[in-house]
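This report refers to the structure that appears directly beneath it.
What you are looking at is a predicted structure, and each value in this text was computed from that prediction instead of being measured.
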Amino acid sequence: MTTTPELRALLDRGAAMSANEVVTEAKVRDVTLPYGAGTMALITLDNGLDHTRPNTFGPKSLDALNTAIDAALARDEVTSIGVTGKPFILAAGADLSGVPGITDRDDAKLIAQIGHGVFRKLVDGGKTSFGFVNGLALGGGLEVALNCTYRTIMDSVPAVALPEVFLGLVPGWGGAYLVPNLVGPEKAVTLLVENALNNNKMLGGTAAFELGLADAMFEGADFLEQSLLWAARVLTGEVAVARPEIDRGEAWDAAVAKGRGIADAKTGGAAPAAYRALDLIALARTADRDEAFAAEDEALADLIMTPELKAGLYAFDLVQKRAKRPAGAPDKALARPVTKVGIVGAGLMASQLALLFARRLEVPVVLTDLDQARVDKGVGYVHAEIDKLLLKGRASQDKANRLKALVSGAVDKSEVFADADFVIEAVFEELKIKKQVFADVEAIVSPECVLATNTSSLSITEMAADLAHPERVVGFHFFNPVAVMPLLEIVRGERTDDATLATAFATGKKLKKTTILVKDSPSFIVNRLLGRFMGEVSKVVDEGTPISVADNAFAGVAPMPPFVLLSLVGPAVALHNNETLYGAFPDRFYVSENLRRLVAAGKPGLYGPDGAVDPEVEELFATPAEPVELTSEQVRERVLSVLAEEARLMLDEGVVAAPEDLDLGMITGAGFSFWNGGLTPLLDRTGVAEKVTGSTFH
């Protein structure tokens, strides 16, 4: 255990490294508990900023918490310590802003040692401690509560997680030891590894309580008051906290083995963080706290020095900062208000859009289609989804009624679109049809009404060419499923004006999407890169490499094997995208004849329900006369090489402003991993970028 003088030296050294830290203060007030439970020193974490800047822990912030804890421990009249956060936020974990600049392993280890030294005082100090989780609690924010003797949580907390593995780290302030010993190894593997690798899945307050991370749960309105009353009953012995007995036998080994299987499937061994986290969970079975915390120190020090962590922090910065300030977006003051939305089409995509617009904008949304049956089906889908929100407690009855009232449908556009400010089409992906739709709509709406297209690949400029007001046409490309995928590609046609573009960006922000400005070019960002990716993989298979070999080549790069992705996207959609790209760039893009056969046969993908390649698909696929069979490593290098070429060409063409936009698109639109930084840092790190294009991207 770190002694007080040793911790003081660590804190002083850390403070010298953190000049730019936004300090989270530890504000203390005495609370006289009822039932004769004495005085609690209640510490509230608060960085003095609004809710858009959560509390974080850098050396100076940890020093403030350390000072508050020491002061409480030194006072005889204080019988207990409580830790909570400013409204709706406990803490978002460590302040990682200075980590990319760390070049010395001892400095990296310092981060872990300081956190352990401060947090463990909450359990080693000799006074009962309580963590009151009143809001977002991520990483070190959750670990400060885990180090307390007892915990309560607010039922409506939006996000509880240990996301370190997602970034390329491990929980380094006690989480890797405390969680398995609190809730068991299987749940620990889920929280530390599986959720982190599953696009950083978060738990809500209720789910975190059910997992066993907290001892009691209370509603938000009087959460702190109820928590203090509960703490008093615990201190007086009126409430006895029961926790499950942890199975330290074969179940522990089985849980860790399961975790290694998950890590292999998600990362292909390419990212070390998941495996170090599993090593720590395995150690927690027999180690005491000092041994376990020392192992966390070493793991964190090692991982901070890895390129995967640097790439993860780069990706985190993209999502947290660049996503909020889209490059090239016009002055937001030019944006027009959107008070009514029209949607052409009432199929699944159109219905998903209607639900999103209604929930986020809270304005009338009207679906139209060719006949009443289709319209009714689309509106019915939206209303059914709102009912699901009601059943899950994510909307009140009043809110559900209001949302349903906002969504309506009609066959005759002229009756419902005349006063719309924003009309988006979601019809069949054929240029002629979309041009006709816009011609029909333009005759109805005002000259200022934005005409948006959800096309995934077609030219915005061509779509608007015959209109009287082509300047108000913009690409507004969502990814499926609409409610889940964060990315929205906003595409500027040759004649799209700034007011239209500003309105599109303002609307995208209200929809809570990550928006990226894209030049009008075939398939834009994500579908163009995925088209090159899938085209080359298909070409490799058509030339003779087994499907399984090709599919296993991309663990740790793509979110799923390419032919699994094909099933998710749909063979027909993938074929259309590749045909569009081949038409534009026949020298680089490839259209697989085997894919054409798959679509013609109506097959939903290559795999059957048992997870094996469908025998009928194997029969459909032609065998080359002189097959060329590559290894997974050769497939990976070949496909990364064509992606490097395509990324460089897209930047040269001005499709986006910078490599950061390509990476942001691939992370938020295609689920490419944080620990690779999306795509271009991986191409740099592996040497592929320089080998193929003559220079690195960064």
Using a cut-off of 6.0 Å, state whether more than 12 heavy atoms not belonging to E660 lie near its atom CD.
-> yes
Mind listing the closest non-hydrogen atom pair of L197 and A263 along with its distance?
-> CD1-CA, 4.0 Å
Salt bridge (Lys or Arg N to Asp or Glu O under 4.0 Å) contacts in which one or both residues fall within residues 238-257, not counting sequence neighbours | D215-R243, D253-R285
Nearest heavy-atom approach of G677 to A315 is CA-CB, 4.0 Å
Can a donor-acceptor pair be found between the side chains of S156 and E219 at a distance below 3.5 Å?
-> no
Do the side chain of K310 and the main chain of I304 share a donor and acceptor less than 3.5 angstrom apart?
-> yes
Residue pair F218 / T152, side-chain heavy-atom distance below 4.5 Å | yes
Does a side-chain heavy-atom distance below 4.5 Å link V193 with L278?
-> yes
Applying side chain to side chain donor-acceptor pair (under 3.5 Å), run through T39 and T79 and close with a yes or a no.
-> CA-CA 6 Å; T39 298; T79 57; 6.0 Å; no
Name the orientation class of the two ring planes belonging to W230 and Y150 (parallel below 30°, tilted from 30 to 60°, perpendicular beyond 60°).
-> perpendicular
Does a side-chain N-to-carboxylate-O contact under 4.0 Å join R322 and D317?
-> no
Could you state the interatomic distance from OG (S97) to CG (L313), rounded to the nearest 0.5 Å?
-> 10.0 Å
Return the minimal non-hydrogen interatomic distance between N55 and N47, and the atom names on each side.
-> OD1-N, 3.0 Å
When you measure from the side chain of E296 to the backbone N and O of A176, does any donor-acceptor pair fall under 3.5 Å?
-> yes
What distance separates D290 CG from R120 CZ, expressed to the nearest 0.5 Å?
-> 4.5 Å
Can any side-chain N or O of W173 pair as donor or acceptor with the backbone N or O of A94 at less than 3.5 Å?
-> no
Minimum heavy-atom distance G168-L303, with the two atoms named | O-CB, 3.6 Å
Any donor-acceptor pair under 3.5 Å from E291 side chain to D288 backbone = yes
So, D155 versus T206: side-chain donor-acceptor pair below 3.5 Å or not?
-> no
Please assess R151 against F130 for the test side chain to side chain contact (heavy atoms under 4.5 Å, CB included), listing each intermediate value before the final yes or no.
-> CA-CA 5 Å; R151 284 159 299 285; F130 295 84; over 6 Å; no
Determine whether V118 and F57 make a side-chain contact, defined as any pair of heavy atoms from C-beta on separated by less than 4.5 Å.
-> no
Should K109 and D104 count as an ion pair when the cut-off is N to O under 4.0 Å?
-> no
Would you check, one step at a time, whether the test side chain to side chain contact (heavy atoms under 4.5 Å, CB included) holds for L235 with S80?
-> CA-CA 9 Å; L235 290 166; S80 60; 3.7 Å; yes
Between CZ of F223 and CE of M217, what distance do you get to the nearest 0.5 Å?
-> 10.5 Å
Verify the distance criterion only: is there a donor paired with an acceptor across the side chains of D551 and Y607 at less than 3.5 Å?
-> yes
Inspect the surroundings of CD in E637 and state if more than 12 heavy atoms from other residues, nucleotides or ligands are less than 6.0 Å away.
-> no
Taking it one step at a time, do F479 and V484 satisfy side chain to side chain contact (heavy atoms under 4.5 Å, CB included)?
-> CA-CA 9 Å; F479 290 77; V484 175; over 6 Å; no
Expected output: side-chain D684 to main-chain T696 donor-acceptor under 3.5 Å | no
If you round to the nearest 0.5 Å, how far is CZ of R325 from NZ of K321?
-> 7.5 Å
Short side-chain to backbone donor-acceptor contact, W252 and I281, under 3.5 Å = yes
Short N-O contact, R289 and D124, less than 4.0 angstrom | yes
Judged by modelled atom types alone, do T44 and D46 share a side-chain donor-acceptor pair under 3.5 Å?
-> no
Would you say the side chain of L224 lies within less than 4.5 Å of the side chain of L42, judging by non-hydrogen atoms?
-> yes
To the nearest 0.5 Å, what is the distance between CG (L203) and CG (N195)?
-> 5.5 Å
Can you name the nearest heavy-atom pair linking L167 to L309, along with the distance?
-> O-CD2, 3.6 Å
Lys/Arg N to Asp/Glu carboxylate O, K127 vs D76, below 4.0 Å | no
Do L7 and K121 touch side chain to side chain, with heavy atoms closer than 4.5 Å?
-> yes
For the pair D70 and R8, find out whether any cationic side-chain nitrogen is under 4.0 Å from an anionic carboxylate oxygen.
-> no
Check for a donor-acceptor pair, side chain of E25 on one end and backbone N or O of A64 on the other, with a separation under 3.5 Å.
-> no
Pairs where residues 132-142 contributes a residue and the test side-chain hydrogen bond (donor to acceptor under 3.5 Å, both in side chains) is met, not counting sequence neighbours = T84-N134
Is the shortest heavy-atom distance from the side chain of P681 to the side chain of N676 under 4.5 Å?
-> no
Heavy-atom closest pair, residues K201 and A161 = O-CB, 4.2 Å
For F316, does the CZ atom have more than 12 heavy-atom neighbours from other residues, nucleotides or ligands under 6.0 Å away?
-> no
If only atom types and distance count, is the side chain of T56 paired as donor or acceptor with the main-chain N or O of A92 below 3.5 Å?
-> no
Would you say L389 and L391 make side-chain contact, with heavy atoms under 4.5 Å?
-> no
Would a 4.5 Å heavy-atom cut-off, applied to side chains only, mark V179 and L191 as touching?
-> yes
Contact list for residues 299-308, test salt bridge (Lys or Arg N to Asp or Glu O under 4.0 Å), sequence neighbours left out = R105-D302, R276-D302
Backbone of E143 reached by a side-chain donor or acceptor of N147 within 3.5 Å | yes
CG of L664 to CE of M666: how many Å apart, nearest 0.5 Å?
-> 11.5 Å
F119/F293 aromatic ring centres below 6.0 Å | no
Apply side chain to side chain contact (heavy atoms under 4.5 Å, CB included) to L280 and L192, showing your working.
-> CA-CA 11 Å; L280 292 170; L192 273 69; over 6 Å; no
D63 side-chain N/O to P59 backbone N/O, donor-acceptor pair under 3.5 Å | no
